[in-house]
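Okay, handing you the structure first.
Any value given below was found using the heavy atoms of this structure, including those in side chains, with hydrogens, waters and symmetry copies removed. Just so we're on the same page: letters track the sequence lines, and every chain starts at 1.
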Number of protein chains: 2
Amino acid sequence: MSTSPDAVTSSRSPAAASKGRWQPVGLGQARITGGFWAPRQVRNGESAIPSGQDQLETAGNLQNLRLAAGIGDGEAIGPVFADSDVYKWLEAAAWEYGRNPNEDLLKRQRELTAVVAAAQREDGYLDSVVQLRYGDEGRYQQLVWSHEHYCAGHLIQAAVAQVRCTGDRELLDVAIKLADHLVATFGDDKTVDVDGHPVIEMALVELYRETGTPSYLGLAKWFVEARGHGIIKEHGHEPTYFSDRLPVREATTVEGHSVRAVYLAAGAADVAIETGDTELLDALKRQFDHMWSTKTYITGGLGARWEGEAFGDEYELPPDRAYAETCAAIGGIQWAWRMLLATGEASYADALERMLYNGFLAGVSLNGTEYFYVNPLQLRGGAHPDNGRSPAHGRRGWFDCACCPPNIMRTLASLDGYLASSGDGAIQLHQYVAGVVRAGGVELQIQTNYPWDGAVRITADEPAAVDLRIPAWAEGATVNGKPVEAGTYARVEAAEIDLQLPMATRVVAADPRVDAVRGCVALERGPLVYAVEQADQQANVDDLHLLPEAAVAASHDDGLLDGVTVLTTRGRPGTGHREGWPFTPSSADATGDEVDVVAVPYYAWANREMGAMRVWLPRA
Amino acid sequence: MSTSPDAVTSSRSPAAASKGRWQPVGLGQARITGGFWAPRQVRNGESAIPSGQDQLETAGNLQNLRLAAGIGDGEAIGPVFADSDVYKWLEAAAWEYGRNPNEDLLKRQRELTAVVAAAQREDGYLDSVVQLRYGDEGRYQQLVWSHEHYCAGHLIQAAVAQVRCTGDRELLDVAIKLADHLVATFGDDKTVDVDGHPVIEMALVELYRETGTPSYLGLAKWFVEARGHGIIKEHGHEPTYFSDRLPVREATTVEGHSVRAVYLAAGAADVAIETGDTELLDALKRQFDHMWSTKTYITGGLGARWEGEAFGDEYELPPDRAYAETCAAIGGIQWAWRMLLATGEASYADALERMLYNGFLAGVSLNGTEYFYVNPLQLRGGAHPDNGRSPAHGRRGWFDCACCPPNIMRTLASLDGYLASSGDGAIQLHQYVAGVVRAGGVELQIQTNYPWDGAVRITADEPAAVDLRIPAWAEGATVNGKPVEAGTYARVEAAEIDLQLPMATRVVAADPRVDAVRGCVALERGPLVYAVEQADQQANVDDLHLLPEAAVAASHDDGLLDGVTVLTTRGRPGTGHREGWPFTPSSADATGDEVDVVAVPYYAWANREMGAMRVWLPRA
């Protein structure tokens, strides 16, 4: 049974918040039709998603599910969370179908869905690796590491996407059976335990939004509230890594494994929205604000430490050893989006934009099929890759731990769903893309070459109330010629809207508490953070100092890196280097001849040969 | 059978190099009798070594060996390298007995030695954890991780120390049987494999020096030469971590796990010295020089990364996330000592001094029984300990992986052996301590309050040729009133020698390629690097800027931290902090009122309450 996407009535949104201040506009109602993002979505749909299925076949993830379904003989392969990559792929395929229906992709989804359904145990349990390795007796024996709820969460998210975008209910039936099993198994009078890796919280709330079944919201709330009461510690583990040191509503910061922390926070935001829990929402506001002011890279990258893939301490933000996992940027986007819908505060949309255009987008190559797991802000020339995730390898087609690639796929395929919302008697435009947004009976046609150009022209089929996000960096912005305040939403009621966002280059420095980039500056233009790559320089990037008084020129180059606006300024190489012991009373300075310094958008780095790269450059 | 230490004829040196340029003066011939180090050795002997045995009992290490010896029933406890901590303790006890004979300590060693001997298999194999967990069939099945040679190496080192200091041959017999088993098992026509953790190389050379058996030197050479030819990679592991990416004689830098790298290098230096292999020695010179100029902290700390406990890339030296494992400083000292004996170059003694007084000594508390595994150069106020090794915990009595504490014990107990050498027709004094050195029929009495004071008075019982190390930092030094060149050995022939090392405070900055401390300075005086601890400050250390033009006053405080020379200068807190997003076009500056800034020796930090600490302070 094939269902036309237009016949699907449920909101085709990745987070169909029902009770926030604003309601998201789902895929189909919001459509990216051109500009910056459209070709990226095409490559995601045409190259990344098909090749991702091949990678899942090669790595054994699909085979695990077939074996659990009784098809063939063998042992489970790969990490215990292998199923989750399949589910993220299924979710990506569903959004892609919602964005751009394609019978071949529908067929692939249905075939895979049938395998997943066949792998499910009669009582609803499903985790192919645990089933194959440990059997029924092995369930939930070490939930702190087993990722059983994590895999369940991704399955549920895929199922919700599938029903919303294809109308198919087969995966939803699996998800409901699994969720019912979880409801029957976990809770105060049942098994009191939490998964070491959150995501089930977001997933159960979304399943509640889809089905209206209150017990799913109840269990999501229970999982959120269960954290921070010693469960992980009782299993003999240090709780910080697992976001289990403090109750969510008492925590004042994010800490531990960055992806786990932001996934939990996003799920807690969903719970807060759907249960009207303002205390919990306020706690999440504090945590997001603290993260954003003390534990976030200028790229929006999250996670300063390789060790434990963790947020570090306040202001611990080394550019070279930034972990800034691509999945953490994605989780950050999901959290910011939920906070935005709940509160209507423009700062969350600004944060989302920063993560989207920089920390997230750097994780995928221009051709769409090669990835970074780790997204540093500096790579030295000759850096030695001693780890499969090392950026010094360059982008890679897949990883042993392959969480990032399908996570990128589902994010790009569902990006239309993060553009706009409705509420307060208006349509909100959060991200500026060439496209169409339909809401409240109004259709907005949006024309823009953003982020290269700050002009956004919006044409409504009738005069409409529109809230336009004016980014905090856009001082001097105008709407229909009138100045508007940066860092807020500007309300306009018109059929023709002309938004002008100034695109002056910004030379920014860090708060002095960010020790690792003291004495350095970075270049930004619009939502983009820039990077200086060796490929574009006359001088050695490891050794290049910017002249901060020099002018910065911006020019668009259609032939470079699929078309980017390039920034050019002046610098000076350091030539006072000492040999031998590097710590002496005399400090060398940058004394070489002036050279041009060329910066390209950070997201586009490492698409040519690998070489030195810096976002932060010392001031000469 | 008890042997008086004075009757022991073999050199009581931790590395009895026979063919280097200089020969070490062993324990007994060189004696620390007072000054800076004597009370530290007393605390090591009276507190640390006895409590270390208790810790080994509590942690199960001793029980493992008893079980392997057939005493009692049970399973092996703890990490696979558990035996090595026992052997390091035995080595420490041997040196301590050599330094300061004590019947109780001899009795403890003999009891433990008897257990070790009983645990050994008939064919010479010995590894209690492998024997208990995997049986004879489990031997050498995963040498990359099993640490079987690592444990053997530490056993051999303990046995050599024991026979040199007590005359007891019981542990030496075990070591010889084990070494003969290794010779029979590993080599070109036998098992071709290497241990993932070097140390066996140094150990086998020392056993060769002790016994004269050429096959031990031959196997040590074979283990050194076997690295870098793909053995580790064939086992499916990335070779960098294991110092197995390149042949030792081809490598130009140190990389991977820092302790493994420097232990291997020290063993390779031993092989080069004993085999007269100048090509290998030259390769090690290049590697040491590269390490010292690009991968060493100002404290002499080695290892920039928590992830993989690794050396990082060139100039990657973050102060806050420095790993700088205490064991790496110890391995660095061992490597530098061997290079010094081989070459006679003063820079190695300077390096040894820097590691000894800073990176090493910071690893043990003033009371001698609490330890740091990790030795950062910055701790932020409120830093959250999310790891058992985190310095934010403060010093700890023991660790799950307890390599560092007994390593400190054996180093302090054998420190007398690193003071002096003979050769080139003279006695060399490398480290200045209050004590006695006898060599070549001459006895030197040394009086000094170094490192607090730069005056060293040496009285010989007859006019003697003495080579005095003039540290590279000691510009303006004089010997008997005459200027001598810093960074060399100054030859003097006299019965009364008056060495004056200038002790001016040095305000040093880093080569600009050390990105992580750009715009900062550090304070040094003599061999000591200083740190600013919150306990001594009026202002917040996280936020304190030094006035680089301000004078620095030095004054000795007998009551502080067991007596330290304190440095006092002026600084300014930063008060221009922004709230919220920390990366903006306007950079805040340090604009608060001037305050005193008080610095104490880095080695003494974290002996009061834990708080913020910085070695590198930004310049106002």
What distance do D320(A) atom CG and Y315(B) atom OH have between them, rounded to the nearest 0.5 Å?
14.5 Å
Portion of A516(B) that has a non-hydrogen atom of chain A nearer than 4.5 angstrom
backbone
Between T240(A), T294(A), I298(A), who has the most heavy-atom pairs with chain B when the cutoff is under 4.5 Å?
I298(A)
Rounded to the nearest 0.5 Å, what separation is found between the CG atom of D542(B) and the CG atom of D515(A)?
8.0 Å
Whatever's closer than 4.5 Å to a heavy atom in chain A on R380(B) counts as side chain
Sort out for me which of R506(A), R321(A), E524(A) touches chain B most, counting heavy-atom pairs under 4.5 Å.
R321(A)
Heavy-atom cut-off 4.5 Å, strictly under: side chain, backbone, both or neither for P239(B) against chain A?
neither
Can you tell me how far the OG atom of S293(B) sits from the CD atom of E579(A), to the nearest 0.5 Å?
7.0 Å
Are W306(A) and W306(B), when compared by the centres of their aromatic rings, separated by less than 6.0 Å?
no
Relative to chain A, which segment of E255(B) carries a heavy atom at a distance below 4.5 Å: side chain, backbone, both, or neither?
side chain
Quickly, which of T296(A), T299(A), L317(A), V521(A) forms a side-chain contact (heavy atoms from CB on, under 4.5 Å) with F583(B)? Name it, please.
L317(A)
d(R518(A) CZ, R619(B) CZ) to nearest 0.5 Å is 10.5 Å
For residues W581(A) and D289(B), determine if any side-chain heavy atom of one lies less than 4.5 Å from a side-chain heavy atom of the other.
no
Could you tell me if N387(B) and E238(A) have a donor-acceptor pair between their side chains, going purely by distance under 3.5 Å?
no
At a heavy-atom separation under 4.5 Å, does S347(B) approach chain A through its side chain, its backbone, both, or neither?
neither
Return the minimal non-hydrogen interatomic distance between D313(B) and A383(A), and the atom names on each side.
OD2-CB, 3.2 Å
Chain A contact via V507(B) - which portion, at a heavy-atom distance below 4.5 Å
backbone
Let me know if W473(B) has heavy atoms under 4.5 Å from chain A in its side chain, its backbone, both or neither.
neither
Checking P319(A) against chain B: side chain, backbone, both or neither under 4.5 Å from a heavy atom?
neither
With D386(B) as reference, evaluate R305(A), R245(A), E307(A) under the side-chain contact (heavy atoms from CB on, under 4.5 Å) test and give the passing residue.
R305(A)
Which answer fits Y297(B), side chain, backbone, both or neither, if we ask what part of it has an atom under 4.5 Å from a heavy atom of chain A?
backbone
Between E314(A) and chain B, which part of the residue has a heavy atom less than 4.5 Å away: side chain, backbone, both or neither?
backbone
